[in-house]
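Step one of this worksheet: look at the structure below.
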Amino acid sequence: MKRKPFIAGNWKMHKSIKEAAELANEIKRRFYDFDRAEIVLAPPFTALAAVADIIASTPVKLAAQNMFWEKEGAFTGEVSPLMLKDAGCSYVILGHSERRAYFCESDENVNKKIKAALREGILPIVCVGERLEEREAGKTIEVVERQLRGALEEIKEEEARKIVIAYEPVWAIGTGKTAAPNQAEEVHKFIRETIGKLYTEDTSSDILVIYGGSVKPENITFLIKEEDIDGALVGGASLESDKFIKIIEGAVLDV
Ligand code: 13P
């Protein structure tokens with residue numbers, strides 16, 4: 001039996017509080033008692049509290065899109081893991097390629113953030129993935145391995161098991177170009193094998209590895225059929241309730 005599907009909507013820098021509340025309400029209406037997939041919504045910081053109120057007492061979970069590793073202090077503009085807990089977050093997305101590219105986030109920073117999140121009981125969704133020029137240079141595996149090992153540095157097995165890994169090839173994000181299911185599967189399998197080498201077979205077979213990059217209602221069923229693809233981190237298509245709902249329904253068709 002494959003792992004339970006995990007579908008997260010990364011709303012990125014979209015939606016006013018009112019729009020976020022509307023979208024969360026539409027998701028809630030369909031999934032208020034749904035347990036066939038773990039459903040996670042990642043609104044912008046400004047809408048976290050509003051969305052938390054709406055999905056409270058449903059199985060739908062809340063995620064932030066980033067955080068800083070310190071608990072509190074003079075760090076103007078940053079948000080701490082404690083603040084995210086306070087706002088109702090169960091998860092936090094860390095190391096997204098947009099943060100790596102535009103905000104100089106390094107493997108070392110991502111590792112510090114993962115440790116801080118785990119310390120406060122927030123589950124990290126950790127993104128890895130190669131850029132187009134890296135894929136074309138045949139460096140996909142090398143890049144993913146470096147990001148993965150960097151992210152997991154000094155993290156003990158019982159903590160590592162709580163992490164969700166998101167493979168997001170940068171060239172597939174927001175471009176409409178999805179990795180072909182077998183192309184994604186190849187990297188997912190590699191990620192799972194690497195987890196097996198770093199920890200144990202048990203952890204490698206339990207850990208969730210999800211795919212991100214132009215996931216749509218039309219391609220989710222093909223992706224989820226692959227042995228090592230456990231779900232999706234959805235950007236653009238998570239901003240419209242009908243598409244996001246169809247993606248979740250598509251992800252549970254086969255299980
Ligand atoms: P798109 O689904 O818009 O390609 O974005 C993927 C992504 O970056 C999710 O984190």
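What's counted below: heavy atoms across the whole structure, side chains too, no hydrogens, waters or symmetry copies.
To the nearest 0.5 Å, atom CG of residue Asp107 and atom CD1 of residue Ile114 are 9.5 Å apart. Rounding to the nearest 0.5 Å gives a distance of 8.5 Å between CG of Leu82 and CG of Asp86. One finds the CZ atom of Arg99 at 11.5 Å from the SG atom of Cys127 (value rounded to the nearest 0.5 Å). Atoms NZ and CE, from Lys85 and Met67 in turn, are 12.0 Å apart once rounded to the nearest 0.5 Å. Between Glu201 atom CD and Asp206 atom CG the span is 10.5 Å, to the nearest 0.5 Å. Annotation: the span from Leu208 atom CG to Asp228 atom CG amounts to 11.5 Å, rounded to 0.5 Å.
Minimum heavy-atom separation, Ile220 to Ala232: CD1-CB, 4.0 Å. Of all non-hydrogen atoms in Ala179 and Pro169, the two that sit nearest each other are CB-CG, 4.3 Å. Between Pro81 and Glu70, the shortest heavy-atom distance links the atoms CD-O, 3.5 Å. In terms of heavy atoms, Ala87 sits closest to Ala52 at O-CB, 3.3 Å.
The backbone N or O of Val215 lies less than 3.5 Å from no partner atom in the side chain of Asn219, so there is not a single donor-acceptor pair. No donor-acceptor pair closer than 3.5 Å links the side chain of Arg30 to the backbone N or O of Ile245. Using a distance-only test at 3.5 Å, with no hydrogens or angles considered, no donor-acceptor pair links the side chain of Lys61 to the main chain of Ala8. No side-chain donor-acceptor contact under 3.5 Å links Lys113 to the backbone of Pro124. Here the side chain of Asp230 pairs a donor or acceptor atom with the backbone of Val209 at under 3.5 angstrom. No donor-acceptor distance shorter than 3.5 angstrom exists from the side chain of Ser80 to the backbone of Glu72, with no hydrogens or angles considered. Proximity of a side-chain donor or acceptor of Lys4 to a complementary backbone N or O of Asp35 within less than 3.5 Å is detected. When atom types are taken as modelled, the side chain of Arg3 and the backbone of Ser205 share a donor-acceptor pair closer than 3.5 angstrom. Arg192 contributes a side-chain N or O that, together with a main-chain N or O of Ile207, makes up a donor-acceptor pair within less than 3.5 Å. With hydrogens and angles ignored, the 3.5 Å screen pairs a side-chain donor or acceptor of Lys2 with a backbone N or O of Ile229.
No close placement of the Tyr167 and Phe190 rings is indicated, their centers lying 6.0 Å or farther apart.
Glu145 and Thr194 form no side-chain donor-acceptor contact under 3.5 Å, judged by distance and modelled atom types alone. For the residue pair Trp11/Gln65, the side-chain donor-acceptor check at 3.5 Å is not satisfied.
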**Message:** Go through it in stages, so that I can follow the logic: the residues are Trp171 and Glu130, the test is side chain to side chain contact (heavy atoms under 4.5 Å, CB included), and I'd like the CA-CA distance, side-chain angles, deciding distance and then a yes or no.
**Reply:** CA-CA 8 Å; Trp171 49 272; Glu130 80 288 1; 2.8 Å; yes

**Request:** Any chance you could lay out the side chain to side chain donor-acceptor pair (under 3.5 Å) test for Glu157 and Thr203, step after step, and finish with the verdict?
**Result:** CA-CA 8 Å; Glu157 178 152 18; Thr203 295; 2.3 Å; yes

**Message:** Let's go through Phe34 and Val252 carefully: what are the C-alpha distance in whole Å and the side-chain angles of both, what is the deciding distance for side chain to side chain contact (heavy atoms under 4.5 Å, CB included) to 0.1 Å, and is it a yes or a no?
**Reply:** CA-CA 11 Å; Phe34 190 79; Val252 300; 4.0 Å; yes

**Request:** Kindly determine whether Phe244 and Ile39 satisfy side chain to side chain contact (heavy atoms under 4.5 Å, CB included), including the steps that lead there.
**Result:** CA-CA 10 Å; Phe244 192 58; Ile39 303 170; 4.2 Å; yes

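Considering only heavy atoms from C-beta on, Asn66 stays 4.5 Å or farther from His96 through its side chain. The side-chain heavy atoms of Ile125 and Asn10, taken from C-beta on, include no pair separated by under 4.5 Å.
Note on Arg131 versus Glu133: salt bridge recorded, some NZ/NE/NH1/NH2 to OD/OE distance being below 4.0 Å. Remark: Lys189 does not engage Glu226 in a salt bridge, criterion side-chain N to carboxylate O under 4.0 Å. Ionic pairing of Glu154 and Lys115 is present here: one or more N-O contacts between side-chain nitrogen and carboxylate oxygen are shorter than 4.0 angstrom.
Both Ile122 and Leu152 belong to a single network of hydrophobic side chains, linked directly or stepwise wherever heavy atoms of I, L, V, M, F, W or Y lie under 4.5 Å apart. Residues Ile247 and Val60 share a hydrophobic cluster, clusters being chains of Ile/Leu/Val/Met/Phe/Trp/Tyr side chains in contact below 4.5 Å.
Between Lys139 and the choices Glu142, Arg135, Glu136, the side-chain contact (heavy atoms from CB on, under 4.5 Å) rule is met once, by Glu142. Each of Val40, Ile54, Val51 was checked for a side-chain contact (heavy atoms from CB on, under 4.5 Å) with Leu62, and the lone residue meeting it is Val51. Of the options Lys162, Arg161, Lys156, a salt bridge (Lys or Arg N to Asp or Glu O under 4.0 Å) to Glu159 is made by Lys162 and by none of the others. Across Ile7, Leu48, Ile55, a single residue satisfies side-chain contact (heavy atoms from CB on, under 4.5 Å) together with Leu41, and that is Ile55.
Other residues, nucleotides and ligands contribute at most 12 non-hydrogen atoms within 6.0 Å of the CD atom of Glu108.
Taking the six-membered ring for Trp and thresholds of 30 and 60 degrees, Tyr91 and Phe6 have ring planes more than 60 degrees apart, a perpendicular arrangement.
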